[in-house]
Structure formats: C-alpha cells, structure tokens
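Computation of the quantities below employed the complete heavy-atom set of this structure, encompassing side-chain atoms and omitting hydrogens, waters and symmetry-equivalent molecules. We number each residue from 1, following the sequence as shown.
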Amino acid sequence: MATKCEHCPLRARDQFIPMSQEEVTVMQRFKVGELVVDAGTQILMQGSNSPQLFTALHGMGLRYKYLPDGKRQVANFLFPGDFIGLQAAMMGEMGHSVEATTKMTLCVFDRSAMWGFFKDNPERAFAITWLAAIEEHFLGDALATVGQRTALQSIAWALSKVYLRGQELNMVSKHQMPMPYRQQDLADALGLSLVHTNKTLAVLRNRQLAHWSDGILSVTNIDDLAQIAMIEDTCSLKRPLL
C-alpha cells in the first residue's frame with residue numbers, strides 16, 4: 001500500500017523544511033502512486049522522455065551520463081528525499097540516466113500535471129526551483145573538485161559530502177553509514193582512475209580519517225576530513241521535500 005504523504009517518514013528527518021497541512025494535501029493530490037525497484041534497475045534513461053517524475057522515499061541510487069565513446073561520468077549519488085526527473089519535465093528528455101544502487105521505493109508523479117501544479121501551487125513550485133538551484137550549486141562545486149582539487153582533496157570532499165548528507169537524514173550511527181556504491185562509481189564521479197582512487201582511499205584509511213568497505217562508510221572526525229577537502233562550512237540549509 002502506498003505511503004500517504006501525511007505519514008511520510010521523510011518529513012521527520014532533520015534535513016527537510018516542515019510542510020503545512022495544506023502543502024501535504026497538495027502533494028497527496030500530485031502523487032499518483034509508488035514504485036518499488038530492485039538494485040541495478042534503470043529508473044530513467046539518458047535521451048528518454050519519461051512520463052513520470054519521482055521522489056526517492058527509500059534507498060539510494062546514482063545519476064550518470066555516458067559519452068559516445070562509452071566513458072561514464074557520475075553526476076552525483078541519490079539519497080532519500082531527492083527529486084528525480086525534473087530535467088525531462090523541463091527539457092523534454094533526460095540528459096543523464098538514473099539507476100537504483102539498492103532496492104528503492106519511489107513516490108511517483110505524473111509529468112503531464114507539472115504545469116498545473118506550478119500554476120495552482122506557487123509555494124510548491126518555488127520549492128522545485130529551490131531544488132534545481134541547490135543542484136546547480138552542487139554541480140558547480142563538483143566541477144571545481146574535478147578541475148582544481150587534488151585526488152586526496154577530491155575523495156575527502158566526496159566522502160564528506162556523502163557523510164554530511166547521511167547525518168542530515170539520520171543515516172549515521174556510531175560514525176558509520178551505508179555507502180552502497182563501488183569504487184568505480186567514486187572514480188567516475190571524480191575523474192580519477194580506479195587505481196588512483198583505491199590508493200587515495202588507503203591514504204585516508206591509514207590516517208584514520210575515513211574507511212569505506214563492504215558498503216559502509218566510517219568517518220572518525222568529519223571536521224578533519226572536511227578540512228582536507230577544503231569544505232569551509234559543514235552546516236547545510238534545510239531543503240524542501242516533494
């Protein structure tokens with residue numbers, strides 16, 4: 001049975017801006033159902049024109065883009081609460097693919113209702129604009145990382161970002177959180193070779209700053225890791241939930 005927006009478990013997470021009862025009602029009308037997918041399922045395909053939009057309710061995933069020569073660039077990692085498919089809603093087709101890394105439950109929205117949703121619910125429309133802006137900010141930081149941070153700084157930056165998101169979503173317990181990705185995914189996100197990624201992770205592990213193994217990320221001191229990553233502020237703004 002689909003989760004009612006009124007009982008959405010994400011609303012209790014620290015990361016999200018509280019919603020009024022009116023906003024909850026609006027989102028319940030916008031939501032058309034739920035979709036459960038297994039790990040490895042392609043949710044959206046690069047170049048496709050999907051009739052649906054999604055919010056990740058449970059599970060984690062991956063956004064990535066393939067170049068014509070087969071090389072892959074990972075754009076970011078997906079967490080519970082992330083809105084998926086906005087690009088296709090605005091531009092007609094996806095410029096990247098989205099894949100489930102774990103089993104995922106997705107709230108499903110009808111893309112054809114998007115314009116009416118914007119027209120009738122300006123506050124919720126602003127929330128979508130805010131999410132697009134924060135995604136642009138993240139991609140700018142990621143580009144600076146690929147272009148200017150060293151390998152050690154880059155991997156420290158990526159692990160810090162994942163860990164900080166995990167803290168905000170109450171996914172961290174005893175300095176550990178799920179990170180169900182492969183080293184190749186991290187390498188493809190940062191423009192590094194798999195060998196270089198592995199060696200750099202070993203440096204952080206030997207310094208007892210971060211350890212990533214068997215899908216679990218352990219961070220001993222997030223402030224020290226963020227300092228290596230040149231992250232000046234480890235606090236983040238609360239974000240809207242759709």
Side-chain angles (χ1 to χ4, degrees), residues 3 7-19 39 54-63 74-84 98-107 130-131 134-135 137-139 141-142 145 149 152-187 189-190 197-198 200-242:
T3 304
H7 305 299
C8 175
L10 294 176
R11 292 180 59 206
R13 305 288 176 92
D14 296 337
Q15 186 177 28
F16 300 110
I17 298 171
M19 296 169 63
F54 308 95
T55 291
L57 183 60
H58 299 290
M60 300 174 72
L62 198 66
R63 301 182 202 259
V74 170
N76 61 9
F77 300 135
L78 289 172
F79 287 80
D82 282 351
F83 192 51
I84 306 167
V98 177
E99 182 177 302
T101 306
T102 68
K103 184 176 181 178
M104 295 185 73
T105 301
L106 304 163
C107 297
W130 196 97
L131 290 173
I134 199 65
E135 183 71 16
H137 180 274
F138 172 82
L139 291 176
D141 201 9
T145 297
R149 284 180 169 96
L152 183 64
Q153 292 168 340
S154 294
I155 290 182
W157 175 84
L159 297 184
S160 294
K161 288 292 185 179
V162 168
Y163 190 82
L164 290 169
R165 284 291 306 276
Q167 281 188 326
E168 293 161 355
L169 289 165
N170 303 335
M171 295 168 64
V172 174
S173 176
K174 297 180 180 178
H175 304 287
Q176 294 185 334
M177 65 165 287
M179 188 171 169
Y181 302 103
R182 302 170 301 148
Q183 285 192 19
Q184 187 66 63
D185 297 329
L186 185 61
L190 299 173
T197 299
N198 183 271
T200 307
L201 285 167
V203 171
L204 292 173
R205 182 175 64 248
N206 293 336
R207 293 187 186 182
Q208 298 185 343
L209 290 171
H211 182 214
W212 177 30
S213 178
D214 298 325
I216 300 295
L217 173 63
S218 303
V219 175
T220 305
N221 189 316
I222 184 58
D223 291 330
D224 288 347
L225 188 64
Q227 185 175 17
I228 290 176
M230 296 192 297
I231 297 175
E232 296 179 355
D233 186 3
T234 56
C235 298
S236 62
L237 295 174
K238 291 194 174 187
R239 63 177 64 198
L241 176 65
L242 294 176

Any side-chain donor near an acceptor of the partner, Asn170 and Arg13, under 3.5 Å: no
Student check: side-chain heavy atoms of Gln15 and Phe79 closer than 4.5 Å: no
Approximate separation, where rounding is to 0.5 Å, of Leu190 CG and Ser154 OG: 5.5 Å
Main-chain N/O of His58 paired with Thr105 side-chain donor or acceptor, under 3.5 Å: no
From CA spacing to verdict: side chain to side chain contact (heavy atoms under 4.5 Å, CB included), Asp82, Arg165: CA-CA 11 Å; Asp82 282 351; Arg165 284 291 306 276; 3.0 Å; yes
Considering all heavy atoms, the nearest Pro240-Ile17 contact: N-CD1, 3.9 Å
Closest non-hydrogen atom pair, Met104 against Ala56: CE-CB, 3.7 Å
Separation between CG of Asp14 and NZ of Lys238, rounded to the nearest 0.5 Å: 6.0 Å
Student check: side-chain heavy atoms of His175 and Val219 closer than 4.5 Å: no
Pair Arg207 + Asp224: basic N to acidic O under 4.0 Å: no
Closest approach of Ser160 to Ile231 (non-hydrogen atoms, all atoms of both residues): CB-CD1, 3.6 Å
Nearest-0.5 Å distance that lies between atom CZ in Arg11 and atom CE in Met19: 6.0 Å
Between OG1 on residue Thr220 and CG on residue Leu225, distance to nearest 0.5 Å: 9.0 Å
Sidechain-backbone polar pair: Trp212 side chain, Met179 backbone, donor-acceptor under 3.5 Å: yes
Minimum heavy-atom distance between Ala158 and Leu186, given as atom pair plus value: CB-CD1, 3.6 Å
CG-CG distance between Leu201 and Leu209, expressed to the nearest 0.5 angstrom: 12.0 Å
Heavy atoms from other residues, nucleotides or ligands near CD of Gln183 exceed 12 (cutoff 6.0 Å): yes
Closest approach of Leu10 to Phe16 (non-hydrogen atoms, all atoms of both residues): O-CD1, 3.2 Å
Steps toward side chain to side chain contact (heavy atoms under 4.5 Å, CB included) verdict (Asp141, Lys161): CA-CA 11 Å; Asp141 201 9; Lys161 288 292 185 179; 3.6 Å; yes
Donor-acceptor pair, side chain of Asn206 and main chain of Val203, under 3.5 angstrom: no
Greater than 12 external heavy atoms within 6.0 Å of Glu135's CD: yes
Exam field: side chain Thr101 to backbone Tyr181, donor-acceptor pair closer than 3.5 Å: no
Pair Trp130-Arg239, side chain to side chain contact (heavy atoms under 4.5 Å, CB included): steps then yes or no: CA-CA 8 Å; Trp130 196 97; Arg239 63 177 64 198; 3.4 Å; yes
pair Leu242-Cys107: side-chain heavy atoms closer than 4.5 Å: no
Any donor-acceptor N/O pair, Arg149 side chain to Ala229 backbone, under 3.5 Å: yes
Nearest heavy atoms of Met177 and Val172, plus distance in Å: CB-CG2, 3.9 Å
Distance, nearest 0.5 Å, that separates CG of Leu159 from CG of Leu217: 5.5 Å
Polar side-chain atom of Thr102 near backbone of Met60 as donor-acceptor pair, under 3.5 Å: yes
